J.: 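Let me give you the structure first, and then I'll get to my questions.
Letters A, B, ... mirror the listed sequences (proteins, then strands); counts begin at 1. No experiment lies behind these values; they were computed from the predicted model shown.
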Amino acid sequence: MRYQRPKGTADILPKEAKQWSAVESRAREVFEKYRYQEMRTPMFESFDVFSRTSGETSDIVTKEMYDFYDKGDRHITLRPEGTAGIVRAYVENKLYGPEVQKPFKTFYMGPMFRYERPQSGRLRQFHQIGVEAFGADSPALDVEVISLAMALLNSVGLHSLKLSLNTLGDNESRQNYRQALIDFLEPHEAELSKDSKERLHKNPLRVLDSKDANDQKIVAEAPSILDYLTSDATKHFTLVKQYLDALEIPYEIDSNMVRGLDYYNHTIFEVMSDSKAFGGKWTTVCAGGRYNGLVEQLGGPETPGVGFGLGVERLLLILDAEDIELSEQQDLDVYVVGIGEKADIESLKIVQALRQQGFSAERDYLNKKPKGQFKAANKANANYTLTIGQEELDQQKVNLKDMRTSQQESVGLSQIYTDFAQAKSVLDEKEN
RNA sequence: GCGGUAGUGGUGAAGUGGUUAACACACCGGAUUGUGGCUCCGGCACGCGUGGGUUCGACCCCCACCUACCGCCCCA
């Protein structure tokens with residue numbers, strides 16, 4: 001094979017694309033109910049937009065950025081996630097202005113890029129559907145965003161889900177906890193895994209997330225973030241939990257949960273699935289949280305924010321594993337069987353007329369014999385065929401056949417052009 | 001970035017260091033001239049991921065590269 005798609009990319013063929021667009025349209029329906037409006041921002045941004053916000057030491061910035069210098073020597077990055085670009089646009093277009101109602105609630109869907117080793121459900125170009133809500137600190141908004149995430153997943157037929165919840169507190173909480181964690185981990189430094197030793201000083205919270213069994217044993221004894229929250233942070237988190245209870249949304253507190261991006265604070269959450277798509281292991285399909293301070297980081301006024309991102313490829317893997325088919329197949333209404341050269345132009349006119357009358361119509365373009373055309377009609381799941389040849393042309397009639405019952409009736413050509421529905425119903429009635 | 005497995009036609013795949021690369025499905029054509037879903041018959045890889053090498057000779061052995069899948073890292 002001469003040309004192949006770049007590593008870590010996928011061609012989405014018609015069959016899969018139907019499922020994609022079904023997911024997208026379900027998502028849009030849910031967003032409409034929650035009053036989140038779409039934004040479309042560039043797929044590439046200035047490198048700094050991400051390096052500043054995601055954290056200079058985060059893995060995304062240090063090794064997963066798809067970046068390059070363009071012909072104008074600008075340092076460009078294909079967006080690795082959605083939030084930073086949305087925030088940039090929010091600030092640049094002054095959506096924080098007084099004429100914009102708060103909270104400003106928006107959603108996006110589209111491709112993201114990370115330079116990493118592909119695996120199933122993890123591509124270099126992957127897709128996310130995400131939401132962001134700016135300008136309100138209320139825990140009720142955190143809960144709206146979480147409930148939106150759940151509603152979205154429910155709307156595509158997923159119900160066996162787990163909501164993991166944690167808080168990172170505010171800045172002060174985080175500073176205090178960070179120090180406490182370092183104080184706790186340093187005596188154990190020698191026992192830690194190689195990766196965790198490195199993380200200990202760069203980003204100690206990441207040690208909590210280690211998959212290493214020995215690390216986990218050590219971490220089990222570590223202090224909990226929940227004991228270092230300021231009273232404000234505690235209050236926020238308490239209310240989030242209370243509101244979730246009020247909505248009867250079950251959740252599990254996971255005080256070791258962290259985020260790969262540095263801009264999060266307060267509430268963070270993940271929605272996980274134990275679908276057989278991932279071998280029954282709990283895998284995150286949707287992750288988000290609050291990011292107060294991010295808007296300032298990108299040059300806007302002090303503005304709180306909260307949102308989530310959902311991995312579309314992962315979602316589709318689950319739907320596939322659970323045999324959930326969202327789009328119902330559309331049968332072909334009419335296949336026009338044309339016989340002989342003279343009928344060619346008539347076939348062309350008939351399919352055109354049928355389509356204008358609102359029916360789906362198809363015809364042959366390969367000069368197939370009638371038998372072949374009927375086979376094609378059958379394969380396309382055609383409900384009706386219209387046969388037109390020399391005889392029919394002479395009499396200005398066509399043969400209308402119901403492919404289900406094989407009943408056939410001669411119908412005036414003019415009626416096909418003016419009102420196919422009528423012709424069809426006459427045939428249907430005769431059959432009954 | 002590291003480790004492991006794999007790579008034969010549209011698809012699922014069998015295959016051996018030595019003339020014509022099984023089989024099945026799909027697809028196309030035919031079985032009396034203009035009518036489908038069944039059956040029967042026929043066709044369908046100038047080629048075995050790419051490039052080197054070993055050999056009298058390689059799809060089958062060796063090396064490199066590419067890609068996919070799995071694990072690690074990390075994450076959606």
J.: Look at all strands and tell whether A:E116 reaches a base, only sugar-phosphate, or nothing, counting heavy atoms closer than 4.0 Å.
T.: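 Result for A:E116 = base.
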J.: Between A:F104 and A:Y90, is the gap from one ring center to the other below 6.0 Å?
T.: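 Yes: the rings meet the under 6.0 Å criterion.
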J.: Would A:Y177 and A:Y228 count as a close aromatic pair, with their ring centres under 6.0 Å?
T.: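 Ring centroids of A:Y177 and A:Y228 are less than 6.0 Å from each other.
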J.: Is it the case that the side chain of A:E81 and the backbone of A:T83 share a donor-acceptor pair, with hydrogens and angles ignored and the cut-off at 3.5 Å?
T.: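 Judged by distance alone, yes, a pair lies under 3.5 Å.
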J.: What heavy-atom pair brings A:I388 and A:S347 nearest, and what distance separates the two atoms?
T.: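 For A:I388 and A:S347, the tightest heavy-atom pair comes out as CG2-OG, 4.0 Å.
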J.: I'd like to know if A:Q119 reaches the base of B:A68 with its side chain, counting only an N/O donor and acceptor under 3.5 Å.
T.: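 Side chain to base: no pair present.
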J.: For the pair made of CG in A:N399 and C1' in B:G34, what is the distance, rounded to whole Å?
T.: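 It is 10 Å, rounded to the nearest whole Å.
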J.: Paired with B:G71 by Watson-Crick or G-U wobble geometry, both distances under 3.5 Å: which nucleotide is it?
T.: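 Matched B:G71 with B:C2 under the 3.5 Å cut-off.
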J.: For RNA chain B, whose closest nucleotide is more 5', that of A:R259 or that of A:F374?
T.: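 Counting from the 5' end, the first nearest nucleotide belongs to A:F374.
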J.: At under 4.0 Å between heavy atoms, what does A:M403 touch on the DNA or RNA strands: base, sugar-phosphate, or nothing?
T.: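 The residue A:M403 makes base contact.
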J.: Hey, is the side chain of A:K369 poking within less than 4.0 Å of OP1 or OP2 on B:G29, counting only N and O atoms?
T.: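 Answer is no, no contact under 4.0 Å.
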J.: Starting at atom CG of A:D11, determine the distance to atom P of B:G10, rounded to an integer number of angstrom.
T.: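 Distance check: A:D11 CG to B:G10 P gives 16 Å.
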J.: If you measure from the Lys or Arg side-chain nitrogens to the Asp or Glu carboxylate oxygens, is any gap between A:K424 and A:D402 under 4.0 Å?
T.: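 No, this pair does not count.
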J.: How is A:Q408 classified with respect to the nucleic acid when contacts are heavy atoms under 4.0 Å: base, sugar-phosphate, or nothing?
T.: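 Base: the residue A:Q408, judged by heavy atoms under 4.0 Å, touches a nucleobase.
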J.: Given atom CD of A:Q4 and atom P of B:G51, what is their separation to the nearest angstrom?
T.: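 It is 13 Å, rounded to the nearest whole Å.
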J.: Donor-acceptor check, side chain of A:N265 to backbone of A:N292, threshold 3.5 angstrom: yes or no?
T.: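 Present.
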J.: Looking at B:G1, B:C28, B:G37, which one has an atom nearest to any side-chain atom of A:K375?
T.: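 Closest of the options to the side chain of A:K375: B:G37.
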J.: Please list, one pair per line, the donor and acceptor atoms closer than 3.5 Å that link side chains of residues 314-322 of chain A to other protein atoms, with sequence neighbours excluded.
T.:
{"residue": "A:R314", "atom": "NH1", "partner": "A:T284", "partner atom": "O", "Å": "2.9"}
{"residue": "A:E322", "atom": "OE2", "partner": "A:S275", "partner atom": "OG", "Å": "2.8"}

J.: What's the closest nucleotide to the A:T284 side chain, out of B:G36, B:A76, B:A68?
T.: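 Closest nucleotide among those given: B:A76.
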J.: Do A:E392 and B:G34 have a side chain to base donor-acceptor pair shorter than 3.5 Å?
T.: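 Donor-acceptor pair under 3.5 Å: yes.
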J.: Watson-Crick or G-U wobble partner for B:A76, using a 3.5 Å limit on both distances?
T.: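 For B:A76, the partner nucleotide comes out as none, under the 3.5 Å rule.
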J.: In Watson-Crick or G-U wobble terms, both distances under 3.5 Å, what is the partner of B:U55?
T.: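 Checking every strand shown, B:U55 finds no partner, since no pair has both distances under 3.5 Å.
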J.: So which nucleotide from B:G1, B:G36, B:A76 ends up closest to the side chain of A:K401?
T.: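 My answer, after comparing the listed nucleotides, is B:G36.
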J.: Is the cationic atom of A:R35 (NZ for Lys, CZ for Arg) positioned less than 6.0 Å from the six-membered ring centroid of A:F31 and within 45 degrees of its normal?
T.: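 No, A:R35 does not sit over the ring of A:F31.
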J.: Quick one: label A:R122 by what it contacts on the DNA or RNA (base, sugar-phosphate, nothing), any heavy atom closer than 4.0 Å.
T.: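 It contacts base atoms.
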J.: Rounded to whole Å, please give me the gap between NZ in A:K371 and P in B:C38.
T.: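 Going from A:K371 (NZ) to B:C38 (P), I get 11 Å.
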J.: Given that A:G8 and A:R314 both sit by RNA chain B, which one's nearest nucleotide is further toward the 5' end?
T.: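 The residue whose closest nucleotide sits nearer the 5' end is A:G8.
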J.: Taking the C1' atom of each, how far is B:G15 from B:C60, in whole Å?
T.: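 Taking atom C1' in both B:G15 and B:C60, they lie 9 Å apart.
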J.: Could you tell me how far apart A:Y108 (OH) and B:A76 (P) are, to the nearest whole angstrom?
T.: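 Nearest whole value for this atom pair: 10 Å.
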J.: Considering only B:G4, B:A76, B:G34, which nucleotide approaches the side chain of A:P370 most closely?
T.: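 For A:P370, the side-chain atoms sit closest to B:G34.
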J.: Just call it for A:I339: base, sugar-phosphate, or nothing, with non-hydrogen atoms closer than 4.0 Å on any strand.
T.: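 Answer is base: heavy atoms of A:I339 come under 4.0 Å of a base.
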J.: Specify the residues of residues 383-391 of chain A, ordered by number, for which at least one heavy atom lies under 4.0 angstrom from an atom of RNA chain B.
T.: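 Contacting residues: A:T387, A:Q390, A:E391.
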J.: State which of B:A68, B:G36, B:C28 makes the closest approach to the side chain of A:N378.
T.: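 The closest nucleotide is B:G36.
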J.: Is there a donor N/O on one and an acceptor N/O on the other, under 3.5 Å, for the side chain of A:K7 and the base of B:U67?
T.: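 Side chain to base: no pair below 3.5 Å.
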J.: Determine the contact category for A:V285: base if any of its heavy atoms lies under 4.0 Å from a base atom, sugar-phosphate if only primed atoms, P, OP1 or OP2 are that close, otherwise nothing.
T.: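 The answer is sugar-phosphate, as A:V285 gets under 4.0 Å only of primed atoms, P, OP1 or OP2.
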J.: Between A:E270 and A:R259, is the closest basic N to carboxylate O distance under 4.0 Å?
T.: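 A salt bridge links A:R259 with A:E270.
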J.: Base, sugar-phosphate alone, or nothing: which one does A:A377 contact when heavy atoms must sit under 4.0 Å apart?
T.: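 Touches nothing.
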J.: From C-beta outward on A:K379, which listed nucleotide comes closest to its side chain: B:C27, B:G34, B:G29?
T.: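 Looking only at heavy atoms from C-beta outward on A:K379, the closest nucleotide is B:C27.
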